[in-house]
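Shown next, in structure tokens, is the structure this report addresses.
The first residue of the sequence shown is numbered 1, and numbering continues consecutively from there. Just so you know, ligand 1 is whichever comes first in the structure, and atom 1 is the first atom listed for that ligand.
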Amino acid sequence: MTLRLGVNIDHVATIRNARGASYPEPVRAAELALAAGADGITAHLREDRRHISDGDIDQLSELCRKRGRPLNLEMAVTDEMVAIALRHRPHAACLVPERREEVTTEGGLDVVRGHNAVKAATSALRAAGSRVSLFIDADAEQIRASAEAGAQVVELHTGAYCDAARAGEAERAATILERLRAGAAQAHDLGLEVHAGHGIDYATVTPIAAIPQLAELNIGHFLIGEAIFVGLPEAMRRMRQLMNAARAAAEQAA
Ligand code: PXP
């Protein structure tokens, strides 16, 4: 199975919004990413609209529809966001936890405690034709609850692994990686498609991409940052190369 690369373009909007200007435009980054072979575009419409705006979602929806490529809308489990998603009917809706004070999405969705709300949102979104993904930590109970809530996909949060690996905390990183491996296997056995994302860069992508059950990685901040220096197509090309090499090596070792 080749590993898909979803490109998250949120932080193009972060740069635009830093000046309250109309550029750089996330839709232009999405167009470039698709032309450079992205398997899909991911955008997170946050409640506080700190980066992606409602207008961006209109433009990204239109672009992805025109190009026949998937849009993955990341969203909190709120009535407002569900209503927006039902209007746009994106290919995929990824339900994420959201706290106003956080800098980025810290930790996964608590599907166990929020089961009823997650299940209701999942069934509404599925009825509108979206594939529903739940962004969770690689935790056995959360994975089981995700399947019970009716999601087709789980996206495993790789942020803690990437932080530990980058900090040189090898033992902690190895423990978290093992949890990600076990979680991917469990989710796959339950019939869920398995994605992963958050915090991935060139230095951390290899062991993640080698997890055989993963079908898709969603990567944003690092790719957009790297694009400043080498351009988005080159940053994506290098990331894809590392992903493919990791997958090929893992398949050969199996
Ligand atoms: N996947 C999900 C569900 C996310 O919330 C994010 C961050 O918006 C990402 C992937 C991408 O993370 P990063 O920007 O750190 O690559």
Side-chain angles (χ1 to χ4, degrees), residues 3-15 17 26 29-30 33 38-52 56-57 60 70-77 81 85 90-100 102-111 118 121 125 130-138 142 146 151-166 180 183-184 187 192-205 208-209 214-228 232 235-236 238-240 242-243:
L3 187 54
R4 297 194 301 267
L5 172 61
V7 176
N8 179 318
I9 45 73
D10 290 351
H11 296 301
V12 176
T14 302
I15 297 172
N17 296 359
D39 295 300
I41 297 298
T42 294
H44 184 179
L45 183 67
R46 292 187 79 103
E47 187 193 8
D48 62 10
R49 311 302 200 265
R50 69 174 70 158
H51 38 57
I52 292 294
D56 292 328
I57 296 297
L60 293 167
L71 174 65
N72 175 31
L73 175 64
E74 290 178 6
M75 50 179 274
V77 188
M81 287 301 150
H91 168 84
C94 180
L95 304 185
V96 303
E98 221 175 88
R99 281 193 302 273
R100 267 178 185 270
E102 70 190 359
V103 176
T104 182
T105 313
E106 293 164 3
L109 189 66
D110 191 342
V111 186
V118 172
L125 292 162
S130 293
R131 243 172 119 62
V132 176
S133 166
L134 304 181
F135 187 48
I136 57 169
D137 291 320
Q142 295 294 342
S146 299
Q152 295 118 310
V153 181
V154 285
E155 180 165 328
L156 301 180
H157 198 311
T158 52
Y161 167 72
C162 295
D163 287 347
R166 260 192 303 273
L180 287 165
L192 294 161
E193 185 172 304
V194 194
H195 300 176
H198 212 281
I200 298 173
D201 63 5
Y202 295 152
T204 50
V205 69
I208 296 169
L214 291 184
E216 180 174 307
L217 299 185
N218 284 303
I219 308 180
H221 187 244
F222 177 79
L223 282 178
I224 300 304
E226 195 61 11
I228 294 169
L232 190 53
M236 286 171 52
R238 173 100 200 276
M239 187 62 81
R240 177 86 79 177
L242 290 167
M243 287 162 59

Inset, instruction - Using distance alone, with no hydrogens and no angle criterion, decide if N72 and T42 have a side-chain donor and acceptor under 3.5 Å apart. - result: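 Indeed, the side chains of N72 and T42 share at least one donor-acceptor pair under 3.5 Å.
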
Which ligand 1 atoms does [X] reach within 4.0 Å, using its non-hydrogen atoms?
X    : result
V96  : 3 (C)
D10  : 8 (O)
H221 : 13 (P), 14 (O), 16 (O)
G199 : 12 (O), 13 (P), 15 (O), 16 (O)
I219 : 16 (O)
N218 : 10 (C), 11 (C)

Legend entry - For ligand 1, the portion of H157 having any non-hydrogen atom under 4.0 Å away: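 The answer is neither; H157 stays 4.0 Å or more away.
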
Inset, instruction - May I ask you to identify, for L223, whether its side chain, its backbone, both or neither come under 4.0 Å of ligand 1 on a heavy-atom basis? - result: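 It is neither part, as no heavy atom is under 4.0 Å.
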
Taking all non-hydrogen atoms of both residues, which atom of [X] and which atom of [Y] are closest, and how far apart?
X    : Y    : result
L232 : A29  : CD2-O, 3.7 Å
H195 : A215 : CD2-CB, 4.3 Å
L214 : L3   : O-CD1, 3.4 Å
Y161 : L180 : CB-CD1, 3.9 Å

For ligand 1 and [X], I'd like to know whether there is a polar contact (N/O to N/O, distance under 3.5 Å).
X    : result
E155 : yes
G220 : yes
E74  : yes

Legend entry - Working for salt bridge (charged side-chain N to carboxylate O under 4.0 Å, His left out), residues D39 and R240: CA-CA 11 Å; D39 295 300; R240 177 86 79 177; 2.8 Å; yes

Legend entry - Residue of the set L109, L134, D110, D137 for which side chain to side chain contact (heavy atoms under 4.5 Å, CB included) holds with Q142: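 Of the listed options, the one satisfying the test is D110.
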
Legend entry - Parallel, tilted or perpendicular: ring planes of F135 versus H157, cut at 30 and 60 degrees: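 Rings of F135 and H157: parallel, under 30°.
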
